[in-house]
Each structure stands twice: as structure tokens, then as C-alpha cells.
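Each remark here refers to the structure printed beneath this line.
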Amino acid sequence: MIEIRDLHKSFGSHQVLRGVDLLVEDGQSMVVIGGSGSGKSVLMKHIIGLLKPDKGSVLVDGTDITRLDAKHLYEVRKKFGMLFQGAALFDSMAVWENVSFALLRSGMRASEARQVAIEKLRLVGLTGIEDLMPSELSGGMRKRVGLARAIAHQPQILLYDEPTTGIDPIMGDVINDLIIKMREDLLVTSVAITHDMHSAYKIADRIAFLYEGRIVETGTPEGIRNTTNPLTKQFITGSSQGPIKIEGINA
Amino acid sequence: MTRFIEALGSRIIRFTAVMGSMLLLFAETLKELLLPPYEIKNTFKQVMEIGVKSVPVVAITAVFTGMVLALQTFTGFKRFGAEALVGTVVSLSMTREMGPVLTGLVVAGRAGAAMAAELGTMRVTEQIDALETLATNPVKYLIVPRFVSSAIVLPSLTVIADMLGILGGYAIAVWLFGMSSALYWHRAWNYLELNDIFGGLAKSAFFGAGIAIVCCHRGFYTEGGAEGVGKATTGAVVISFMTILISDYFLTAWLLK
């Protein structure tokens, strides 16, 4: 279970998070939606302890990870797998070494780790690419390799940073199906951030709308679709007209 | 006037902040260096990258430096009949100054720039964050191997540079100016003390450690995409050069005490 309480974060004078409260139950698929610059990525980086908040706490299975020292934080991180927006594959290593990176680091023999990598790659629908370098892969393949890497050490929580951004719509849907499959097969808790509403409706069983550094509304996909909140409504319908003002544009 | 003082003040604050954060990174690197597990495989890889692949550039730089030193000394010293000292000038200059400093500059330009660019790219493409999420300390995994190998490799390269520089001087003095080979060696060795060589090697180890910390720091804290990587790389080379040249003076003064 992930519990975020009153999370604040500023960069210089720029306040990004202004008191985020969010609860993600075990096995739940939470999707945080929000516009560009709404603080979604910053929120996600707090969940896995890549950033330290100015105020507030992030409880992962009851442990406040914002107060942990480096050593214990790395232990908690083993519960997590994260798929980055640009996949963030290590471009100095072959695909299989990327996938089994955490396993190799924890001392697994190379031959065994390679087998695990091949198996995880098959799980995301990729075969015969284990010896390629990341630069030889297409965007969609990179994301799937990134996903294979995120699940290789059998995490309990998967984080997805804009899983469908930067790839074509069909590949986007392949990723959506994979996210659902991961949850059903591996029984993981997942948190995704996105501004792709099609993806959000498909993969979420809870959706939270982040606006100006706070969660404005949380609900089921159906509930969000039929929202009466004017902010959420404008965002999910993708309208330039409404209470959300874009800087420099007079709507 | 106020604006000038303001600008100066903000520069000093920024400079102090960067220096502070470099020192913190240095401290963390030392800590991670001492704590197991040890990154032996990665360190070997960096020794190849920073050391072995720098040999050709270092060799060419050293040979030509030795040659030009002999050329200048021979023609210059001839004016007062001291051209027999060519060997001494070349061997002292190479071991005490030119060997360590030029090797440092070459490695900073070649391997240091690569360190900053590689780490910078890893930062902006979130690969460093990815390391963190895979429970791997990026300082241990990326910076410690570069730091260790740079500090080991620089003295080794300096030994090569010292020898090749003296050989380059030999080529000019003996083959071009017809000096006797025995005289060159005699003058080159007789006034050379072990302390000259070890002092130079100590300096180069310091330069190696400095280059690694400066360049890794610039790369590790890169911000702002491709442009940021460019800036980090330029910054890394410029600061490394300054660090080498300025610290060289003070280290030399201290060693000569």
C-alpha cells in the first residue's frame, strides 16, 4: 500500500507540489492524470524516493521512505519496478543485460540471468532480441524492454511514467494491454502517470486528477468520465475552454 | 555599481556552491570506494577507456614535447655554450612538469570530456534514475570506477610520457644536432633524482583524481537536455584544465619545500 500525505515540493521559487494526498491500495491500478507541468513526474519520483519532499510523507507498506537513509531506501526500492518515459535503457549494454541488470547486481550467474531475461522478454512479447543493443530497437520495443527490466526482479509495485507517450497509438495500446496483463498475472500494485485519457480509462481502476500541485478529484474511471468538477471535465474532454487557463493564451 | 557587486556576489555564491557540491561528491566517492561490494569489472573497463586508449595521444604529445624542448634548449643554450645540458633540461622538464601536466591535459580533454558527456547523457535520458530504481547506487556504479582508474592510470601514462619525452629529446639532440649519445644520456640521468620522478607521479595521481571528480560532477548534475550535455562537457574540460594548471603550481611549490 502506498500512502502519500500532504506532499509539498518546490524547486527554487516554483512550487510544484502543494499538498498531495493519495492512497493506493494493494493490487490497485492507480492512474494520475494531469497536464504538462502539473507535477506528475515529480510526484512519481517521490513515490520511489528519487526526490525528497520539502514537507509531507510517502508511506510504502507503512514505512515512511522520505525519512530513510540511503541503505534502507535501496532495500525498499527492491519492491519497485519503474518504466521510464523514454525507457531509460542503459545504452552501453545488450538488451538481456539491461533486463537482468538488478539480478546480475545481486550476484546471479550470467547464464542464469540471461535465461531470466529471455523469459521476461517473452512475457512482453519480444523474442530473439536479447543480444541487440538498445540503439538498434524501435521506440515501442525499447518501452517493452524497459518493462521487462522493471519486472525482472519480481517487484510488488510497478510505476509507469507516461507509458504511451512517444509511441504510435497501436503500440500504445499494446503497452496498455501489457500493463493490464502485468497486474493480472503478477498481481502487482501499479501507479501510472499520463495525460492520455484513452490509456487512463483502459488501465485504471482508480483515477486521480492532479492540478496545480494538488489532487483535485479521485474516482473510478466511470466516475471520472461523468464528473461534475469543471476542472476535471475540461481536462478529460481536452477543451481549451474552461476554468483551466493556459499561460499566454486568452481562452 | 550595486549591479556589479550583485553580479559578482551571485557568481561567488554559485562558484562556492559548485565547489561545495564537488567536495561532497568527492567525500561520497571515497565512502563508496571503501564500502563493499567493489566494482572491479567496471574499474577494469574504465582503465581501458581512460588509460589504454589514451596511450597513442599521450605518446605523440610526449615525443613532440621532448623534441621541441631539445630543439629550443639546444639552440638557446648554444648562445652561451651550454648546449651540452640538453639532456638535463629535457629529463628534468619532462619528469617534473611536462610529463604530468601534459598527460593530465590530454586525459582531461579526451577521457574527461567523455566522462562528462556519458554521465550527462545518462542523466538527461533518466538512466541514472533508472539505476537508482534498480537499487544501484550511481556514485558507486558510475563514479567510483572512473575515479579509481583515473587516479591509477594517470601516473602510469605519465611514466610513458616521461620516457618518450626523453627519447624525443634524444632524437633531436643526437640525430639532428650530432650530440654524442653518451653525453645526452649522461646529462639526462646524472642530474635526475628519484624525487623528480616520484614528485611528478604524485602530481599526476592528484590530477587524475581531480579530473575524475570534476568531469563526473559536471556530467552527473547535468540539466536541460542535449544543450545541457554540451555545456557539461565544455565545463568539465575547462574546469579540469584550470584545476590541473592551478593546482600544479601549488603542488610543485609544496613538493619543492
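Annotation for A/Lys79: atom NZ counts as buried by contact number, over 12 foreign heavy atoms lying within 6.0 Å. For CD of B/Glu223, the number of neighbouring non-hydrogen atoms (other residues, nucleotides, ligands) closer than 6.0 Å is 12 at most.
Looking at B/Thr136, both its backbone and its side chain come within 4.5 Å of chain A, counting heavy atoms on both sides. For a residue to count as touching a neighbouring chain, one of its non-hydrogen atoms must lie under 4.5 Å from one of that chain's; by this rule B/Glu28 does not touch chain A. Using a 4.5 Å cut-off between heavy atoms, B/Leu131 contacts chain A through both its backbone and its side chain. Residue A/Leu73 does not touch chain B at all, counting heavy-atom pairs closer than 4.5 Å.
The side-chain heavy atoms of B/Asn137 and A/Tyr74, taken from C-beta on, include a pair separated by under 4.5 Å.
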Exercise for the section: Report the C-alpha distance between B/Glu126 and A/Lys45 in whole Å, list the side-chain angles of each, state the deciding distance to 0.1 Å, and finish with yes or no for salt bridge (charged side-chain N to carboxylate O under 4.0 Å, His left out). Expected result: CA-CA 11 Å; B/Glu126 296 188 302; A/Lys45 286 185 173 167; 3.7 Å; yes
Handout entry: Derivation of the ring pair (Phe, Tyr, Trp, His ring centres under 6.0 Å) call for A/Phe90 and B/Tyr141
Key = CA-CA 13 Å; A/Phe90 305 125; B/Tyr141 184 74; 7.2 Å; no
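Residues of residues 149-159 of chain B having a heavy atom under 4.5 Å from any heavy atom of chain A: none.
A pairwise comparison of heavy atoms in B/Thr125 and A/Ala88 identifies O-CB, 3.4 Å as the closest pair. Smallest separation of non-hydrogen atoms from A/Leu89 and B/Gln127: O-CD, 3.1 Å.
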